[in-house]
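As C-alpha cells, the structure follows; a few thoughts come after it.
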Amino acid sequence: MIDLDFMAEAFRRLIQGVPLTLELAALSVSLGLAIALVCAMALHYGHRGLTWPIRAYVTAFRGTPLLVQIFFTYYGLGQFRPELQALGLWGFFREPFWCAILALTLNTGAYGTEIIRGALQSVPYGQIEAARACGMTRWLVYRRILLPIALRLALPSYGNEIILMVKGTSLTSIITLLEVTSIAQQLTSETFRAIEVFVCAGAIYLAMNFVVTRIIGSIEYRLSAHLRAAPDLVALPAGGGSA
Amino acid sequence: MTASDLLDLLGPGAGGWGVALLRAALVTFSLALSGFAVGAVLGGVTVFARLAGGRAAAYAARAYITVFRGVPDLLTIYLLYFGGSAGLTAIGRFFGAQGFIGVPAFGTGVAALGIIAGAYQAEVYRGAYLAIQRGEIDAALAFGMQRGTLLRRIVVPQILRHAIPGLGNVWQLVLKDSALISVTGLVELMREAELGAGSTHEPFAFYACAALLYLAIAASTGSLIRRAERHSLRGVRFG
Amino acid sequence: MNRLTQFAAVVALTLAAVPFVPRGWADDKPTSAVIGTEGAYAPWNFTDAGGKPVGFEMDLATDLCGRMKIKCSFVLQDFDGLIPALQVGKFDVIMAAMFITDKRLEVINFTRPYAIDPSGFAVAKDSPLAKAGLTGTLDLGDAATTGPVIDKMKALLKGKTIGVQAATKHLDFVKQNFADVATIREYKTTQEHDLDLAAGRLDAIFAQRTTLAATLAKPEFSAYAVAGPGFVKGVFGRGTGAGIRKKDEALLAMFNDAIGAAIADGTIKKLSIQWLKSDVTPP
C-alpha cells in the first residue's frame, strides 16, 4: 500500500523547498520582532498620538486572515503600479518574495506587539520601583530591568508565534513562491498522489517546528536558572559527618 | 475607478458583488462556528484522554495535539480534502456500500477546522484544568462528593471560566483559518473575493472589502467573548 | 486500553456525524453526475457574481446531460486538484478545458475531444515577440517545422518572465522550451497571471488562444496582444475532453455518444461561437 520509493523521492523534492521556507520565516520573524519591540514600547510609554495608530495596526492584522493580507499585498497593491513606480517602490512590490516578507512581517509584528506588551505589563512593579530607588534613569530601567524580564516572560508565547510563522510561510505558495507546500502541490499535480505527498510535507514542517521548539526550550531553560529549585544539598558529599 | 464605480461593483445592484460577498461572509461565519464546535468536542475528548486516560490514550492525545499544531493548517486541509473521502469510501466499502462516498465541501471544511481547533482547544482546557486550585477538589472530596458531582459542580465550571480567554483566541484562529477552506472550492468569503478580483480585475477593492468583513466578524464576536469573560469573573476576588 | 477504544469510538462517531452523500448509482447505468470544474478560466468555465459556474463548458455540460437524461450538478475545484479530487470521488466528471494527454490517460479516462483550441503567448504590443510577426498554427508533432520557430521565439523571450497556470500542459510546454532562457512563474489560476501581466510583473503569459482573447478584450489590456503562432498536438495531446474515472465505463460511453451527437448537430459550434468567439469543434 505505501510506496517507500515514491515517499523517498517526494522527500528529496520537498527538501529543496526548505531553504526558502526557512528564509521566509527567519527574515519575517526577526523583522517582525523589531516592529513588535518598538510598538510594544510605544504602547507601554502610552502617548496618545502613538497608541492610536499602533492599536489600529494591531487590530487590523490580528483581525484578518494572513491569506487575505498576502493577497492584498501582492495582487491588491499590484494594481497601483504607476503610483508605486512614481514613489520608486515598484522594484520592491514587483517581487513576490518581498511582498511575502512584507505581509508576513506585518502579521507577526502585530501579534508580537501584543505578546511583548502583555509581558511588559506582567513585570512585577517592585522591580521597577527598586530600579528607580537606585536612581536609574527611565531608559536605563528599560534596558536593564523591564526589557530583559519582559522578554523572558514573553519567550513561551513568542515561541508559539515563531511556529505559527513557520506554518504561515506555506501560504506564500499562493503568490508563486516555490517553498515546501508549493512543491508539494507541484508533486501532487504531477503524480496525482495527494495523500503521500502531503504526509511527507507535513513531516518536514513537523521536523522544522520540533527544532524551533527545542531551541526556544533551551533558551528558556538557560534564562530561568534562578527560578529552578536549588540543587539538592543532601545529595552533595556530606562533610564533617553531621548528617 | 471612481467612488460610484466602486459602489456599483460592491453594491447590492445587478452586476454588483455586495449581496454575494455578504452571503459568503455568512458561510464563513457558519463554517467557523461549526468548526469551533467540532473542535470543542474533539478538544474535550482529547484532554480527557490525556489527563484521565490510560497511557496509550494519553500518548495518542499528545500525538494528535503535536501533529496538528505543528503542521501548516493549509496542509491539514489539503490532506483531509483529498484523504477524507478516500477514507470514508474505504469505511463505506467495509460496511458493504458501493461506489464513492463524497463529503460536501462544507463538511470537509468543518471537519478540517474542527481537527485543527480541537488540538488547540485541548491545550486550552488542559491549562484551565491545571489552574484549578487543588484545595477546591480536596474540599469537595472531603464533603463526600462523588466523582460525577465533583466534575459537574467543581471542575467543569471552573475549567470553562479559566478557558474563556484561551477559547476566545482559538475562535479568532478558527475564523481566520476558515479562509484557507477556499482552496477546496467552497465559496466562502475569501473565495468570493478571489473570484471577484479575478473576474473584475479589481483586486484591491475586493481584498479590502473581504478584510473589512473579516474584521467586522472578529471585532463583534471578540466583544461578545470579552463580555462573557467579565460575566464569568463576577464574584472572583483579585489581589 | 478500554478508554482508548472509547476515545477512538467518539472520534469516529464525530467524524461520521459529518453529513455525507452516497452516490445514487454504483456500476449500472448512471442517473446523475457531479461535474467538477475550475470556474476561473473564462470563457470556458468561470463564475458569475454569485459564484455560480457559467461558460462554454457549463452550457455544453447542461446540453450533454439533457441528451443523456441524467441529473447534473457542478462543483468548483482548483485546477491542480482536479484529477486527485476526481480519483477520490469528489465528483464524477471533469470538464475544465483539460487536454487529453497520454500522461493523464494513465490515471483517468477521457471522452472523445469536444474542442480543439491552439495555445499561445500574450505579450505587450511593443515587445520583440509581438513585432516578430510570427503567426499561424503549428503542429507540435512535426518537430522539423516547429523546431526553428521555437528557436526564434527563444531569442525573442530571452530574459523575460513568463506566467503560466500550474499543473497544466501549458506549464509543461513552457518549461520544456523556454526554461533555459526565461523565468517561469506558476499561478493557481489564469486570472492570477492576468492580474500580474496587467501589473507589469510578467512580460508574457501562455494559455489557450480563446481564453487569452477574452482577457485581452478587457480595457486594461489594450497595450497587450496575442503573439507568435498557436500550438496544437504534441504535449497538448488530442484536444480538450471530459475526464472520467477508469472504472466508470458506462458513464464514459454515454458521454462519448452525447458529445458525438452534439458535434453532429452543430450544438458545439453554436456554443463555441457564442462563448469563445471562434469555432473549436473537433473534426
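None of the values given here were measured: they were computed from a predicted structure.
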Residue selection (most heavy-atom pairs with chain C, distance under 4.5 Å) from Ser34(B), Gly198(B), Ala58(B), Pro203(B): Gly198(B)
Less than 4.5 Å to any heavy atom of chain B: does that hold for the side chain of Ala40(C), its backbone, both, or neither? neither
Just how far is it from atom OG1 of Thr47(C) to atom CD of Glu192(B), taken to the nearest 0.5 Å? 7.5 Å
For Val67(B), enumerate each residue passing the side chain to side chain contact (heavy atoms under 4.5 Å, CB included) test, keeping only those at least two apart in sequence or located in another chain. Leu206(A), Val71(B)
Just wondering, are more than 12 heavy atoms of other shown residues or ligands nearer than 6.0 Å to CZ in Phe74(C)? yes
To the nearest 0.5 angstrom, please state how far the CG atom of Leu76(C) sits from the CG atom of Leu195(B). 7.0 Å
Any side-chain heavy-atom pair from His201(B) and Phe221(C) closer than 4.5 angstrom? yes
Tell me, side chain or backbone of Tyr41(C) under 4.5 Å from chain B's heavy atoms, or both, or neither? neither
Is Ser199(B) in contact with chain C via its backbone, its side chain, both, or neither, using a 4.5 Å heavy-atom distance? both
Straight-line distance of Glu194(B) CD to Asp78(C) CG, nearest 0.5 Å: 7.5 Å
Do any of residues 201-220 of chain C have a heavy atom less than 4.5 Å from a heavy atom of chain B, and if so, which, in residue order? Lys218(C), Glu220(C)
Select one option (side chain, backbone, both, neither) describing which atoms of Arg55(B) are under 4.5 Å from chain C's heavy atoms. neither
Quick one: NZ on Lys90(C) to OG1 on Thr108(B), what's the gap to the nearest 0.5 Å? 3.5 Å
More than 12 heavy atoms of other residues, nucleotides or ligands under 6.0 Å from NZ of Lys125(C): yes or no? yes
Bottom line for Tyr78(B): the part with an atom under 4.5 Å from chain C's heavy atoms is side chain
Under the side chain to side chain contact (heavy atoms under 4.5 Å, CB included) rule, collect the residues that match up with Ala242(C), sequence neighbours excluded. Val93(C), Met95(C), Thr111(C), Tyr114(C)
Residue list, salt bridge (charged side-chain N to carboxylate O under 4.0 Å, His left out) with Glu188(B), at least two apart or on another chain: none
Nearest heavy-atom contact between Phe82(B) and Ala85(C) is CE2-N, 3.7 Å
What residue, out of Gly39(C), Ala42(C), Gly81(C), has the most heavy-atom pairs lying under 4.5 Å from chain B? Gly81(C)
